[in-house]
Amino acid sequence: MPVSSLGRANVAAHRQGPDTATTFIELTEQGLGTTRAADLWRHLMAVDLSFFQSQTAQQLRAEGRAESRAKDLLVLLGHRGVEVSEADRERIVGCGDPDVLGLWFRKALTATSTVEIFASDGDAGADVG
């Protein structure tokens, strides 16, 4: 089966719903094994899935952005020597809002504690997110 046929089948699977598409992608990759076609398939799946505009696809992209921002924030805090408690770490990793994580990241550029990062702009003791 040519890769273009797999691509068309993938689009058709997405029309059936996210569960069908996920199953199709997983089974296709497993079925291709360690062949050159498998490498091409993984590359195609990793390169650009932006043509999938379903609510699920958008949510998965947002979750990926949030996870990446949380990791970046923790790296920045570690690099700057800001102490991060386990509760703070869980709060950061558990935050699914890329905008809030972006705000926290910007604050972390100059903050000396996580209290400063989590404080809202108008109230030093209030939480954001």
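Worth saying up front: this structure is predicted, and the values here are computed from it rather than measured.
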| note | Result for side chain to side chain contact (heavy atoms under 4.5 Å, CB included) between Ile117 and one of Thr112, Thr110, Leu77 points to Leu77
Heavy-atom closest pair, residues [X] and [Y]:
X: Asp72; Y: Phe105; answer: O-CE1, 3.8 Å
X: Lys107; Y: Glu116; answer: CD-O, 3.8 Å
X: Val82; Y: Ala111; answer: CG2-O, 3.7 Å
X: Val93; Y: Ala70; answer: CA-CB, 4.2 Å

Just jot down the side chain to side chain donor-acceptor pair (under 3.5 Å) partners of [X], sequence neighbours excluded, or say none.
X: Gln30; result: Glu26
X: Glu90; result: none
X: Ser85; result: Asp88

| said: Given 3.5 Å as the limit, does a donor-acceptor pair link the side chain of Arg89 with the main chain of Leu74, or not? | reply: no
| field | Value rounded to 0.5 Å, distance of CG in Leu103 from CZ in Arg69 | value | 10.5 Å
| field | CG-CZ distance between Leu101 and Arg106, expressed to the nearest 0.5 angstrom | value |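 Answer rounded to 0.5 Å: 10.5 Å.
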| Tell me, do Phe118 and Ile92 make a side-chain contact under 4.5 Å, heavy atoms counted? | yes
